[in-house]
J.: 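First the structure, then my questions, so here it is.
Protein chains get the first letters and strands the later ones, always in sequence-line order, with residue 1 at the start of each. Side chains included, hydrogens not; waters and symmetry mates left out as well; all remaining heavy atoms used.
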Amino acid sequence: MRVRYAPSPTGLPHVGNVRTALFNWLFARRTNGAFIVRVEDTDQNRLVREAVAGILEGLRWLDLDWDEGPEVGGPYGPYMQSERLDIYHEAAADLIRRGHAYYCICSPERLKELRKQQSREKKNPGYDGKCQTLSERELQEYRDGGNTPVVRFKMVRDETISVDDIVRGRVDWNSNLTDDFVIIKSDGFPTYHLANVLDDHLMEITHVLRAEEWLSSTPRHIALYGALGLKPPQFGHLPMILGPDRSKLSKRHGSTALLEYRDMGYLPESMVNFMALLGWSLDDRTEILDRSALVESFSLERVVKSGAIFNIDKLEWMNGIYIRSLSPEALAGRIRDYWQLSPPTGIPQPVDMAYLCRIAPLIQPRLKTLVDAAERTEFFFKVGLDHVPKDLIQKGMDAESTRAALEESLALMGISDELGADRLEEAFEDLRLKLELSRRQFFSLLRVAITASRVSPPLFETMEVLGRDRCVDRITGAIGALRG
RNA sequence: GCCCCCAUCGUCUAGUCUGGCCCAGGACGCCAGCCUUUCAAGCUGGAAAUCAAGGGUUCGAAUCCCUUUGGGGGCACCA
């Protein structure tokens, strides 16, 4: 099996696009086939130079490796369509020679006028075939004027074109509903239809798995394969990914580009798992499937037909699952890498990895994304904390009793060595009984003293990781804040 | 306007081919409880779908047939 991902470098690919790439990749890996990346850069106007790099970076982030394509090459290259123009020209010339295509010199103005008239008359928009009867002399005159004609495919007439789509079953079209479409543009570049069909054949693609938006141009492709004397590949039109309003996903729906999700602190493994479940499922219960489980179980038979809304709440949940499945060291590594990508304001970089590895298990169950790591861990790194007296003073207490409790705590820390969480808890529990405070009162004020926040990871584990000196500093700071 | 695709909880989906195990299962989210020094996590429970609607076929239909409605995609010298 040979499948391909054929992005056009007009910008950063969005998640729908990448989901299609993922399904192709999964199918290739599942069947021990080949996954090919081919860049469809035939539109010179919309071309974005850095786009190819962004596309490949996205694939690498998700660890979707390609067997042939940019950077890795392969026996069917080049894999950039802009480097294959001769192939398209030759094929177009052959189609013209055999009467399947013809030159067209109609101006954009005439085509626009034609469409306007057609919509006025409530007829189907489409080229009327005027240039089918173009004479050699007219063509020559056009060229002498410094113009380059386009080439149109002479669409077959009075036929039923059908495809046996892998996910949709059989679909039929009346060939008369498709007009004579352009296959070579006036700038000499092929249109998608020609380039795509030719390359899929030349690269021996066996299965074309693409989004449903392509379904309606499939009759053109099949007609093209026919005129070229080629056997079409198998087609499978995948459901689309939709915005919350159920329309085709686009920029106006907010974050749609794949790499934005990396920037928002999502793990690539949760992206892969989540996207795989958009339009595919294993069974009636399995939600968590890592890449190897996906490769093992993916099948086109279980792809659904209807479009799916990208539900970020579920992604967030799944990201939490994957974060919790990491070892503390691995999580610390992810956080460090993420901070390298977008440095947090309150935490000096580079960060002490040994320390971060001890912090990691404390925040692990509390993270939804890697973004959360900064605010959750900031107090571990800060030198002077800003204690808010009103947060320090608990219900049923006043500044004086709070200060007294902190003084006692400070004394307790002062006499002890570095202690583990369990020993700390025992010691402070004894102190609490002596002070006749409730657990809520005492541990809450201690928590605020230690972290300058009412919310934190478990208190004594936090204190253990911070170490005696930092704890002493913080309690001292808290006492100072109460006085000021 | 024309062509094509699709239709199960708010969302992702299982079940549809091979009618009965489905007065519809799971997950996210939501609500409640438990755990608990905070916040999470975890555990338990709950609300949530007249299976888009209507008509058939059948002893029996989410599943088969017909019609309707709704949604989406496409109709470029864009992909």
J.: For B:rU58, give its Watson-Crick or G-U wobble partner with both distances under 3.5 Å, or none.
T.: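 Pair assignment: B:rU58 / none.
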J.: Judged by modelled atom types alone, do A:Arg447 and A:Ser456 share a side-chain donor-acceptor pair under 3.5 Å?
T.: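 Looking only at side-chain atoms, A:Ser456 and A:Arg447 do form a donor-acceptor pair, the distance falling under 3.5 Å.
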J.: Which residue pairs pass the salt bridge (charged side-chain N to carboxylate O under 4.0 Å, His left out) test with at least one member in residues 298-321 of chain A, sequence neighbours excluded?
T.: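 Non-adjacent pairs meeting salt bridge (charged side-chain N to carboxylate O under 4.0 Å, His left out): A:Glu287-A:Lys314.
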J.: Verify the contact: side-chain N or O of A:Lys185 to OP1 or OP2 of B:rA79, cut-off strictly under 4.0 Å; return yes or no.
T.: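 Yes, such a contact exists.
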J.: Please state whether the phosphate of B:rA14, meaning OP1 or OP2, lies under 4.0 angstrom from any side-chain nitrogen or oxygen of A:Ser281.
T.: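 For B:rA14, OP1 or OP2 has a side-chain N or O of A:Ser281 closer than 4.0 Å.
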J.: Side chain of A:Arg302 only, please: which of B:rC77, B:rU37, B:rA14 is the nearest?
T.: B:rA14
J.: Under 4.0 Å, heavy atoms only, any strand: does A:Val448 hit a base, just the sugar-phosphate, or nothing?
T.: nothing
J.: Where the side chain of A:Leu177 is concerned, which of B:rC78, B:rC2, B:rG29 is the nearest nucleotide?
T.: B:rC2
J.: Would you indicate, yes or no, if B:rC6 has its OP1 or OP2 atom less than 4.0 angstrom from a side-chain nitrogen or oxygen of A:Arg246?
T.: no
J.: Please work out if A:Gly320 contacts a base, only the sugar-phosphate, or nothing of the nucleic acid, heavy-atom cut-off 4.0 Å.
T.: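 Nothing, no heavy atom under 4.0 Å.
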J.: Name the closest nucleotide to the A:Ile309 side chain, picking from B:rA79, B:rU11, B:rG42.
T.: B:rU11
J.: Any salt bridge (charged side-chain N to carboxylate O under 4.0 Å, His left out) pairs touching residues 239-257 of chain A, not counting sequence neighbours?
T.: A:Glu213-A:Lys248, A:Asp245-A:Arg252
J.: Pick base, sugar-phosphate or nothing for A:Arg168, based on heavy-atom distances below 4.0 Å to the nucleic acid.
T.: sugar-phosphate
J.: Could you tell me whether the side chain of A:Ser306 has a donor or acceptor atom within less than 3.5 Å of a complementary atom in the base of B:rC6?
T.: no
J.: Any salt bridge between A:Asp179 and A:Arg220, counting N to O under 4.0 Å?
T.: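 Salt bridge between A:Asp179 and A:Arg220, a charged N being under 4.0 Å from a carboxylate O: yes.
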J.: Side-chain N or O of A:Lys248 versus OP1/OP2 of B:rG74: is the shortest distance under 4.0 Å?
T.: yes
J.: Counting side-chain heavy atoms from C-beta on, which of B:rG72, B:rU38, B:rG26 comes nearest to A:Glu212?
T.: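 Out of B:rG72, B:rU38, B:rG26, the nucleotide with an atom closest to A:Glu212's side chain is B:rG72.
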J.: What's A:Pro457 touching, base or sugar-phosphate or nothing? Going by heavy atoms closer than 4.0 Å.
T.: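 Base contact.
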